[in-house]
Asker: 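Sharing a structure here in structure tokens format.
What you see below is based on every heavy atom in this structure, not just the backbone, and it leaves out hydrogens, waters and symmetry mates. All chains are named by letter (A, B, ...) in the order of the sequence lines, taking the proteins before the strands, and each is independently numbered beginning at 1.
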Amino acid sequence: MRLSRAFLPTLKEVPAEAAIASHKLMLRAGMIRQTSAGIYAWLPLGLRVLQKVSQIVREEQDAAGAQEILMPTIQSAELWRQSGRYDDYGKEMLRITDRHEREMLFGPTNEEMVTDIFKSYAKSYRDLPRNLYHIQWKFRDEIRPRFGVMRGREFLMKDAYSFDLDADAARLSYKKMFVAYLRTFARMGLKAIPMRADTGPIGGDLSHEFIILAETGESQVYLHKDLLEFDVLAQKPDYEGDLDPTVNFWTSRYAATDEMHDEAAWNALGAENQVSARGIEVGHIFFFGDKYSKAMGLSVAGTDGNPLVPQMGSYGIGVSRLLGAIIEANHDEAGIKWPEAVAPFRCAILNLKPGDLGCDMLCEKLYASLPGEAVLDDRGERAGVKFNDADLAGYPWQAIIGPRGAANEKIELKRRATGEREEVSLEEALRRMHPVPSGH
RNA sequence: CGGGGCGUAGCGCAGCCUGGUAGCGCAUCUGCUUUGGGAGCAGAGGGCCGGAGGUUCGAAUCCUCUCGCCCCGACCA
């Protein structure tokens, strides 16, 4: 993308409406624009990141055996009456009436709908297990939306729903998602810690919140320091094999949010192992048994021919929220520092002197060598403006090309995350930006 | 939903108390100069002062109502 033609409205001044770093930076970097309280339009740069994050989520869901579908945003009230949640959900649910006076709603979640869909086709135990997910916009009419996309009313969410024959099988489905979540967040450069969550009236021990640590987190969390040091991507999980060792590693060490915090267990860790910080919830998984399958009348024929009510779980990831969370965990005074996997572009090529033949040629050559991965700042702006905009937007690499270096075919390569710079040839620059892939 | 605050040019703000026909910085446009960390000079354009009612000779300013947005709290992916 050439910045001279791009719709990339960066702001020098901080809009008054933003209170936290990620919100300010997303507005300043031209990623989003608020259209109502808690509702945002996604501009080109923000959309690219949203798509990259979505794609990582998708790949890891697929790898864990889940299958993607896409359910509508608008649902019928009738569906929600079957589970009893139409009346329970309260004012958080946005209710809509169509021209025929039918009661509709903008979905805050999809348990009822997915169960209803699955029910239409699943007839036998052979149709299980299945895990269906979609990445779709949700709406929850929060009392007080805030912090930009971290707590919007409209938000993009990945939600998966597993259907199993019995509780043991459901536990396995749960573990697959547990492991998939660890990988998903790790690939985005985040250390997300699963923490046992309150299961509410449903009961059971199978509910975890995945929480990343950031100063602006909404809740206080407590964990064992081992959990921060574990390299999740070191080995690929075998979803057909035994997932217990991985799951047990995480669940056997202390990690709890404020509500679930246990002082005695915490103190037993010893001060040298304690980490206490603020956390942002980016995912939540839970097993809820037959709550919805029963209410929605889902049952299949078991091996003995008798009807059997599937056991279900649901697994959410706040995709749009993740952008805010990633920025909260990766920024400095100058702007965003995107982890490479989710950066809108891998590299910004800064042509410090458009019109200079040497600069133009070297920039074009590099730009052509990075198809779809680079922004070329070919604007007639001063160097300082380009530096600041590149720092703000947070591209992991900056290829700085000015008349001095261009004369020698040299590129000044800067790493946004560390500020390191070095003078390299074009070939070397490409090697630096594309190391041999490892891990995933 | 309780408490607080703010709506004036694209963005950030002053003006309001004490009514007299709207201003500053940045951005935008033109010209000249400048050119490695948000340039300088000169000029220009841009406003139903959130909306509706009222008071007044006269309202951005005072009064009433209303809409929107932000912050704190309770609540949440």
Asker: Can you check the distance between B:A22 and B:G5, where both ends of the measurement are the C1' atom (answer in whole Å)?
Answerer: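 Rounded to whole Å, the distance is 24 Å.
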Asker: Choose from B:G73, B:G37, B:C26 the nucleotide whose nearest atom is closest to any side-chain atom of A:Lys12.
Answerer: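 Output: B:C26.
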Asker: Quick one: is A:Arg321 getting a side-chain N or O under 4.0 Å of the B:A77 phosphate, OP1 or OP2?
Answerer: no
Asker: How about A:Phe210 and A:His284: are their ring centroids closer than 6.0 Å?
Answerer: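 Centroid distance A:Phe210-A:His284: not below 6.0 Å, so no.
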Asker: Does the base of B:G25 carry an N or O that pairs as donor and acceptor with the side chain of A:Glu13 under 3.5 Å?
Answerer: yes
Asker: Quick one: the side chain of A:Arg144 and the base of B:C69, do they pair up donor-acceptor inside 3.5 Å?
Answerer: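 Per atom types, no contact qualifies.
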Asker: Given the C1' atoms of B:G73 and B:C62, what is the spacing between them in whole Å?
Answerer: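 Pairwise C1' distance, B:G73 against B:C62, rounds to 33 Å.
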Asker: Return yes if the base of B:G10 and the side-chain atoms of A:Arg33 contain a donor-acceptor N/O pair under 3.5 Å, otherwise no.
Answerer: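 Looking at the base of B:G10, it does not pair with any donor or acceptor on the side chain of A:Arg33 (distance under 3.5 Å).
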Asker: Base, sugar-phosphate or nothing for A:Val14? Non-hydrogen atoms, less than 4.0 Å.
Answerer: sugar-phosphate
Asker: Is A:Lys158 touching bases, backbone alone, or none of the nucleic acid, heavy atoms closer than 4.0 Å?
Answerer: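 It contacts nothing in the nucleic acid.
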Asker: Determine if A:Phe155 stacks with B:A77; use a centre-to-centre distance below 5.5 Å and an interplanar angle below 30° as the criteria.
Answerer: yes
Asker: Within less than 4.0 Å of OP1 or OP2 of B:G68, is there a side-chain N or O belonging to A:Gln34?
Answerer: no
Asker: Between B:U61 and B:G54, how far apart are the two P atoms, rounded to whole Å?
Answerer: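 The same atom, P, in both gives a distance of 14 Å.
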Asker: Is there, by distance only and without an angle test, a donor paired with an acceptor across the side chain of A:Arg379 and the base of B:G38 below 3.5 Å?
Answerer: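 Answer no: no donor N or O sits under 3.5 Å from an acceptor.
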Asker: Please report the distance separating the C1' of B:C63 from the corresponding atom of B:U30, rounded so that it comes out in whole Å.
Answerer: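 Pairwise C1' distance, B:C63 against B:U30, rounds to 47 Å.
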Asker: Quickly work out the A:Arg146 CZ to B:G5 C1' distance and round it to whole Å.
Answerer: 16 Å
